Each structure stands twice: as structure tokens, then as C-alpha cells.
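Predicted model only: the values in this text are computed from it and were never measured.
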Amino acid sequence: MIKSHNFQFFPYHLVEISPWPLVLSFALLNLTIGAVMYMQGYYSGDLILELGFILTLGGMAFWFRDVGNEATLGGHHTKQVKKGLEIGFILFVISEIFAFLSIFWAFFHSSLSPAIEIGGVWPPQGITPLNPFAIPLLNTILLVSSGAFVTYGHHALINGNRKNTLIGLELTVLFAVLFTFLQYLEYANASFSISDSVFGSAFYCSTGLHGIHVIVGTIFIIVQLVRTINYHITNSHHQGCESAILYWHFVDIVWLFLFIAVYYWGGL
């Protein structure tokens, strides 16, 4: 009888069947439907939105757990696998750049040549823009500082300084949470809404999309912080941590463009 052996003659990891892509797809669909129902004032829209948010966070958490186990406990992330993950994540960030590029295109299309329907001026008549030197400036300081701290943690990680790595990641998470809270306060006290002409639409679509990225980036950093605490991240094994740091720098840079274009120049 010929016995079959499960030999693998290539360095790439063939992932096992996972329920999380399907679960997360339905969770995101639930989140989108809930958001539309909530914005349109439908009954129980807020509950469906909250359910979608919880399911999305849960799916992300379990998916991150499985990928972490593959890398740390299974030893499946070879040099070639890590290279593929790096290239894939860079392509993902490039796609995000083009998503924001479309938002900025819409903003400048409307602001550089204001239509007669909004009075031919920018900001439109009746709109009182936010003071860029209040919460937006404070948020800029917080986000730029968080970028500095995550870089500090990155250099400490490369040099094998675990204590300073944890300090850098913890301060990054703290500043990110403060940023999100201040942006919530900004939205709650704004004198205009997303339905107030193209200015409101452009403002909330751009800053809101960035806010979602901040939340996702914060979760990404928290996952790396927990993995570092559990000794899953080392100076020779930190692909996930570097991806999270790259994503956070992307969030930082986008905010600088938002502050200059939308808050400062767009509010003049």
C-alpha cells in the first residue's frame, strides 16, 4: 500500500477554511443597512446600527486572532508570506488614498467654483464654519503627537526595547481615543449638518471617513499592543505591527490635508 504524505514544496501558507470573511461581510451589510435606517429615521434603525457595529468588531477581533495564531503559534508566516502581506497591505493603503482623493476632488470642485445654487460663495450663505484653531487644531496636535509616539515605539521594537515599545503604543492609543472623543464633541456642537448644502456633505463625508479610519487604526494598534504584551511581537517578528504603524501614518497625513484644506482654507 502506498502511503500519502502531506509534504509542502512551496513556502506559501494555504489558509484553512475560515468563517470570518463571510461573517464580516454580513456584519458590514447589517452595519450599512442600520446606518441608512438610522439616518432616515426608521424605527429600530439605531438598534440595527449598534448590532452591526458589534458584529463587525467581533468579526474583526476573531479574524485578527486567527491571523495572529497562524503567525505566532503555527509558524506559517515565512519570509515569502510576510513579503506578500507587506505588498498586499501597501496596495490596500493605495486604494484608501484614492478613496480620499475622490472626496477631496468633490470638495475642491465645489469650493473653487461655487455654484449659483449656494450663492456663488464658499462657504455657502447661511453656513457658519468651525473655528480651525479650536478643536481641529487640538486634534491636529494630538494626531501628530500620536504619530511621533508610534514611531518611537517602532524604533524601540526594532532595537529590542520592549518597555519603550509598550509605552509608545499605549500613548498612541490614548491620543487616538482623545482625538475620537474631541471629534464627537465637534460634531455634537456644530451649527450645520450633513444635509446643509454641499458644504455639510463635503465636510462630514471627509472628516467622517477619516474618523472611521481613526477608529479602525486604533483597533489595529490595540491588537498589536495586546500581542506585544503577550510576547507575540518581537524585534524579528513584527509584520502586523509595522502594518498598523504604516496605516497610522497614513491616517496622520490625511488629517493634515483635511485640516489645511477643509478646516482652514475651506472655512475662510
Examine distances only and state if a side-chain atom of [X] and a backbone atom of [Y] form a donor-acceptor pair shorter than 3.5 Å.
X      : Y      : answer
Ser201 : Val198 : no
Thr180 : Ala176 : yes
Asn30  : Phe26  : no
Ser146 : Phe175 : no
Ser206 : Phe203 : yes
His155 : Tyr152 : no
Asn131 : Phe133 : yes
His232 : Thr228 : no

Could you grab the distance from atom [atom1] of [X] to atom [atom2] of [Y], nearest 0.5 Å is fine?
X      : Y      : atom1 : atom2 : result
Phe179 : Asn139 : CZ    : CG    : 4.5 Å
Leu101 : Ile94  : CG    : CD1   : 13.0 Å
Met39  : Asp46  : CE    : CG    : 13.0 Å
Ile260 : Trp255 : CD1   : CH2   : 11.5 Å

Tell me the closest heavy-atom pair linking [X] and [Y], and the distance in Å.
X      : Y      : answer
Asn235 : Ile158 : CB-O, 3.6 Å
Asn164 : Asn161 : ND2-ND2, 2.8 Å
Val254 : His210 : CG1-CD2, 3.8 Å
Leu157 : Cys241 : CD2-SG, 3.9 Å
Pro129 : Pro123 : CG-CG, 3.9 Å
Gly147 : Asp252 : CA-OD2, 3.1 Å

Within a strict 4.5 Å, meaning less than it, do heavy atoms of the [X] and [Y] side chains meet?
X      : Y      : value
Ile33  : Leu29  : yes
His213 : Tyr247 : yes
Pro114 : Val121 : no
Glu186 : Leu130 : yes
Leu47  : Glu50  : yes
Leu55  : Val23  : no

message: Determine whether Lys163 and Ile167 satisfy the following criterion, side-chain contact (heavy atoms from CB on, under 4.5 Å), listing intermediate values before the conclusion.
response: CA-CA 6 Å; Lys163 178 181 178 181; Ile167 292 175; 4.3 Å; yes
Find out if a path of hydrophobic residues (ILVMFWY) with successive side-chain heavy-atom gaps under 4.5 Å connects [X] to [Y].
X      : Y      : result
Val214 : Leu137 : yes
Val226 : Trp63  : yes
Phe107 : Leu112 : yes

task: Test Leu49 against Met37 for side-chain contact (heavy atoms from CB on, under 4.5 Å), laying out the working first.
output: CA-CA 8 Å; Leu49 177 61; Met37 291 180 65; over 6 Å; no
Whether over 12 other heavy atoms sit under 6.0 Å from Phe62 CZ: no
query: Is the count of non-hydrogen atoms from other residues, nucleotides or ligands lying under 6.0 Å from Tyr204 atom OH greater than 12?
result: yes
message: The test is side-chain contact (heavy atoms from CB on, under 4.5 Å); show your working for Ser243 and Phe220 and say whether it passes.
response: CA-CA 9 Å; Ser243 297; Phe220 206 172; 4.0 Å; yes
query: Should the pair Phe100 and Phe104 be assigned to parallel (<30°), tilted (30 to 60°) or perpendicular (>60°) ring geometry?
result: tilted
- prompt: For Asp196, which residues count as a side chain to side chain contact (heavy atoms under 4.5 Å, CB included) partner, sequence neighbours excluded?
  reply: Ile127, Phe192, Ser193
query: Applying the ring-ring contact (aromatic ring centres under 6.0 Å, His included) test to Trp265, which of Trp122, Phe108, Phe259 qualifies?
result: Phe108
query: Who pairs with His249 by side chain to side chain donor-acceptor pair (under 3.5 Å), at least two apart in sequence or on another chain?
result: Thr151
- prompt: Going through the checks in order, is the ring pair (Phe, Tyr, Trp, His ring centres under 6.0 Å) test met by Tyr184 and Tyr187?
  reply: CA-CA 5 Å; Tyr184 164 76; Tyr187 281 4; 8.5 Å; no
Between [X] and [Y], is any side-chain donor less than 3.5 angstrom from a side-chain acceptor?
X      : Y      : value
Trp248 : Thr172 : no
Asp66  : Trp20  : yes
Tyr263 : Thr207 : no

message: For a side-chain contact (heavy atoms from CB on, under 4.5 Å) check, start with the C-alpha distance between Ile118 and Gln125, then their side-chain angles and the critical distance, and finish with the verdict.
response: CA-CA 7 Å; Ile118 60 174; Gln125 294 181 0; over 6 Å; no
Full working for ring pair (Phe, Tyr, Trp, His ring centres under 6.0 Å) between His154 and Phe149: CA-CA 9 Å; His154 186 203; Phe149 281 120; over 10 Å; no
field: Arg162 charged N/C atom sitting above Tyr231 aromatic ring, 6.0 Å / 45°
entry: yes
